[in-house]
Protein chains: 2
Amino acid sequence: MTFLGFQRIFVCMSDTIKLPEKYNLNDYQCPSVTVDILVFTIEASELKVLLIKRAIEPFKDEWALPGGFIKMDESLEAAALRELVQETGVKNVYLEQLYTFGDTNRDPRSRVITVAYFALVPSAKLDLKASTDAADVAWFPIKKLPKLAFDHKKIIDYAMNRLTSKIEYSNIVYGLLPIKFRLSELQKVYEVILSKKMDKRNFRKWILSLGLLEATGEKDTDGAHRPAELFKFKKREPVLFD
Amino acid sequence: MTFLGFQRIFVCMSDTIKLPEKYNLNDYQCPSVTVDILVFTIEASELKVLLIKRAIEPFKDEWALPGGFIKMDESLEAAALRELVQETGVKNVYLEQLYTFGDTNRDPRSRVITVAYFALVPSAKLDLKASTDAADVAWFPIKKLPKLAFDHKKIIDYAMNRLTSKIEYSNIVYGLLPIKFRLSELQKVYEVILSKKMDKRNFRKWILSLGLLEATGEKDTDGAHRPAELFKFKKREPVLFD
DNA sequence: TGAATAGTGTCTTTCAGACAATATGCC
DNA sequence: GGCATATTGTCTGAAAGACACTATTCA
């Protein structure tokens with residue numbers, strides 16, 4: 001049996017632990033660990049994900065999820081947040097660990113384990129150009145994805161499963177909306193993510209019965225029609241129900 | 001912006017990529033990656049988890065989840081399965097990735113990221129003595145846990161959340177039962193995991209309406225009372241519903 | 001006054017939960 | 001016949017789903 005830590009003195013490099021004399025790099029390789037991040041937003045009635053075009057081999061010129069190596073002194077979540085800020089400049093967004101992908105051959109060069117996170121950002125916060133030095137960063141509709149590098153298609157599929165199920169028993173859609181919003185906007189978010197039309201009356205009955213929203217009293221006028229009341233989430237932090 | 005892979009040649013050790021001349025271990029450390037596994041079973045009407053007593057520092061003589069380092073040529077799931085077989089000798093059990101814990105200080109010696117998996121094993125399959133060379137391996141009722149090493153208490157709490165919610169919308173309890181079982185046994189599993197008594201008629205109505213079970217036609221006689229019909233899951237693989 | 005979106009209520013069906021009596025086999 | 005567990009159905013309340021008309025503002 002392998003006790004946790006039993007092999008560690010031989011395998012892991014630590015400041016406080018002496019390596020054996022005959023230490024050899026090839027004998028005691030450890031995998032690289034990256035964080036990949038799926039940034040979702042809703043724009044023009046479509047769910048979109050942020051991709052970057054790779055500048056180097058492998059998969060040069062193909063699109064991939066943004067990501068990078070974790071640093072030794074930052075937590076996984078901190079690494080994900082760092083990537084997120086680098087790519088989008090946004091803070092205070094919904095961020096959740098998705099899954100860890102660790103097949104041995106998922107990177108053709110070496111063993112790379114990636115911890116995938118997904119983030120939900122309101123479309124208003126988008127300002128890619130200002131926050132990144134990369135030319136080839138773009139939003140892709142989830143239904144019109146290009147060919148993707150590595151196993152990133154699989155990761156996106158996994159994220160879509162999580163997202164579509166989780167909006168039905170949590171308030172995480174707050175991450176895709178501004179502070180104040182019309183109920184019709186909220187409904188649109190559900191419709192886009194679930195790819196189905198919903199009945200307005202039933203939707204409003206349902207969402208209001210959850211008690212997560214409160215009316216602000218403000219009205220939003222944006223055209224030649226009756227203005228809508230603006231609502232907001234009581235809590236902009238994860239709440240599960242059901 | 002950091003492209004995925006951009007730093008890799010400097011950080012990761014690969015057979016095919018040359019390291020820079022001035023390579024220095026401390027500059028380019030990478031974290032260790034372990035797999036920890038939570039093995040759950042139900043025995044004597046209690047939900048129990050398998051723990052091992054640590055033989056070395058840190059946390060010497062404290063209880064911990066079984067786990068170990070991943071090998072460079074095995075997937076995460078393969079590593080979890082390897083640990084599972086080492087500890088319990090069982091195969092063909094339900095196994096699911098739980099979460100990846102990567103706080104910088106979770107191991108006092110060095111940076112260790114752990115990918116936690118949980119397994120569900122039927123109590124009949126238990127045969128610890130025969131399959132392990134460690135004296136200090138034991139099942140602990142989830143409600144009477146000892147002090148735990150590292151952040152393993154947090155990991156167990158996380159697993160309990162997953163387990164209690166997931167049995168309500170999936171068939172994963174098949175992992176805790178033998179092939180054929182009485183409905184009263186199945187109900188007991190739910191009651192133990194959810195820590196609540198259920199109504200027999202409502203439970204049977206619910207579980208049968210899911211269409212996941214089929215009657216085997218066999219009866220099980222185990223005492224001075226009416227024998228029970230034995231049921232089995234149509235599929236012993238994960239099925240989600242709702 | 002026409003166009004465009006906001007806002008609202010009823011009916012039906014389905015599902016969850018409370019609740020108790022009979023059936024069968026073994027001793 | 002006594003004991004222990006197995007098996008079965010009804011009623012009620014809550015929630016989900018189908019469905020259509022009126023309200024308000026601006027051009």
Side-chain angles (χ1 to χ4, degrees), chain A residues 42 44-45 164-165 167-171 173 177-178 180-232 239-242, chain B residues 42 44-45 164-171 173 177-178 180-232 240-242:
Chain A
I42 288 186
S45 294
T164 53
S165 58
I167 64 167
E168 302 206 320
Y169 65 91
S170 78
N171 66 343
V173 287
L177 288 164
K180 298 173 184 175
F181 49 85
R182 306 195 300 264
L183 287 186
S184 58
E185 288 181 275
L186 180 57
Q187 181 177 342
K188 190 74 186 174
V189 171
Y190 277 87
E191 290 180 337
V192 166
I193 293 176
L194 296 175
S195 298
K196 71 173 183 190
K197 197 105 184 79
M198 292 174 150
D199 179 81
K200 190 178 14 172
R201 284 164 295 186
N202 291 338
F203 176 80
R204 293 159 88 98
K205 200 190 334 179
W206 172 69
I207 200 80
L208 291 173
S209 76
L210 297 175
L212 301 171
L213 301 181
E214 61 186 10
T216 62
E218 298 172 54
K219 302 277 183 183
D220 182 31
T221 302
D222 75 335
H225 54 83
R226 177 173 174 175
E229 169 131 42
L230 290 174
F231 285 79
K232 63 174 199 168
V239 175
L240 305 182
F241 46 84
D242 256 359
Chain B
I42 287 185
S45 294
T164 53
S165 59
K166 197 152 187 179
I167 65 167
E168 302 205 320
Y169 65 91
S170 79
N171 66 344
V173 287
L177 288 163
K180 297 172 185 177
F181 49 85
R182 305 196 301 265
L183 288 186
S184 57
E185 289 179 275
L186 180 57
Q187 181 177 342
K188 190 74 187 174
V189 171
Y190 276 87
E191 290 180 338
V192 165
I193 293 176
L194 297 176
S195 298
K196 70 172 183 190
K197 197 104 184 82
M198 293 173 150
D199 178 82
K200 192 175 12 172
R201 284 165 294 186
N202 292 337
F203 176 79
R204 295 160 87 100
K205 200 188 336 180
W206 172 70
I207 199 80
L208 292 173
S209 77
L210 297 175
L212 302 170
L213 301 180
E214 61 186 9
T216 63
E218 297 172 54
K219 302 276 182 183
D220 183 30
T221 303
D222 75 335
H225 54 83
R226 176 171 176 178
E229 169 130 42
L230 290 174
F231 286 79
K232 63 173 198 168
L240 304 182
F241 46 85
D242 257 359

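Reminder, nothing fancy here: chain letters follow the sequence lines and each chain counts from 1.
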Query raised in the report: Can you find a heavy atom in the side chain of A:Ile42 that is under 4.5 Å from one in the side chain of A:Lys188?
Result: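 A:Ile42 does not reach A:Lys188 side chain to side chain.
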Query - Any side-chain heavy-atom pair of B:Leu230 and B:Arg182 under 4.5 Å - result: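 Yes, side chains in contact.
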May I have the distance from [X] (atom [atom1]) to [N] (atom [atom2]), rounded to whole angstrom?
X	N	atom1	atom2	value
A:Gln187	C:dT5	CD	P	13 Å
A:Asp220	C:dT5	CG	C1'	11 Å
A:Phe203	C:dG9	CZ	P	18 Å

Query - Sub-4.0 Å heavy-atom contacts from residues 188-195 of chain A onto DNA chain D, ordered by number - result: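 Nucleic-acid contacts, sorted: none.
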Query raised in the report: With a non-hydrogen cut-off below 4.0 angstrom, is A:Arg182 in contact with a base, only sugar-phosphate, or nothing?
Result: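 Here A:Arg182 touches the backbone only, sparing every base.
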Query raised in the report: Does anything in residues 201-223 of chain B pair up under ring-ring contact (aromatic ring centres under 6.0 Å, His included), and if so which pairs, sequence neighbours excluded?
Result: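 Residue pairs with at least one partner in residues 201-223 of chain B: B:Tyr190-B:Phe203, B:Tyr190-B:Trp206.
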Query - Listed once per pair and sorted, the ring-ring contact (aromatic ring centres under 6.0 Å, His included) pairs that draw on residues 208-230 of chain A, sequence neighbours left out - result: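 Applying ring-ring contact (aromatic ring centres under 6.0 Å, His included) to every pair that reaches into residues 208-230 of chain A, excluding sequence neighbours, yields nothing.
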**Report entry** Inter-residue atom distance B:Asn202.CG - B:Gln187.CD, 0.5 Å rounding
**Finding:**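 Interatomic distance, B:Asn202 CG to B:Gln187 CD, rounded to 0.5 Å: 9.5 Å.
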Report task. Could you grab the distance from atom CD1 of A:Ile193 to atom OG of A:Ser165, nearest 0.5 Å is fine? Result ->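 Here the rounded value is 11.0 Å.
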Query raised in the report: Can you name the one residue among A:Thr216, A:Asp220, A:Leu213 that meets side-chain contact (heavy atoms from CB on, under 4.5 Å) with A:Phe181?
Result: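 For A:Phe181, the side-chain contact (heavy atoms from CB on, under 4.5 Å) test succeeds with only one of A:Thr216, A:Asp220, A:Leu213, which is A:Leu213.
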Query raised in the report: Nucleotide by nucleotide, 5' to 3', does protein get under 4.0 Å of the base (B), only the sugar-phosphate (S), or neither (-) in nucleotides 16-27 of chain C, counting heavy atoms?
Result: -BBBB--BBBB-
Query raised in the report: Which angle, rounded to 10°, do you find between the first-five-pair axis and the last-five-pair axis of the helix from C:dT1-D:dA27 to C:dC27-D:dG1?
Result: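 Rounded value for the end-axis angle: 10°.
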side-chain contact (heavy atoms from CB on, under 4.5 Å) with [X]: which residues, sequence neighbours excluded?
X	answer
B:Arg204	B:Leu183, B:Lys200
A:Lys196	A:Leu194, A:Met198
B:Ala215	B:Glu229, B:Phe231

Report task. Please find the earliest and latest nucleotides of DNA chain D, in the 5' to 3' direction, that have an atom within less than 4.0 Å of any heavy atom of chain A. Result ->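 Footprint of chain A along DNA chain D, 5' to 3': D:dG17 to D:dC26.
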Requested in this report: Only counting residues at least two apart or in another chain, list the ones meeting side chain to side chain donor-acceptor pair (under 3.5 Å) with A:Ser45.
Outcome: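 For A:Ser45 there are no side chain to side chain donor-acceptor pair (under 3.5 Å) partners, ignoring immediate neighbours.
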Query raised in the report: With sequence neighbours excluded, what pairs up with B:Asp242 under the salt bridge (charged side-chain N to carboxylate O under 4.0 Å, His left out) test?
Result: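 Here no residue qualifies.
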Report task. Could you name each residue pair satisfying salt bridge (charged side-chain N to carboxylate O under 4.0 Å, His left out) that touches residues 206-218 of chain A, not counting sequence neighbours? Result ->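 Those involving residues 206-218 of chain A are A:Lys180-A:Glu218, A:Glu214-A:Lys232.
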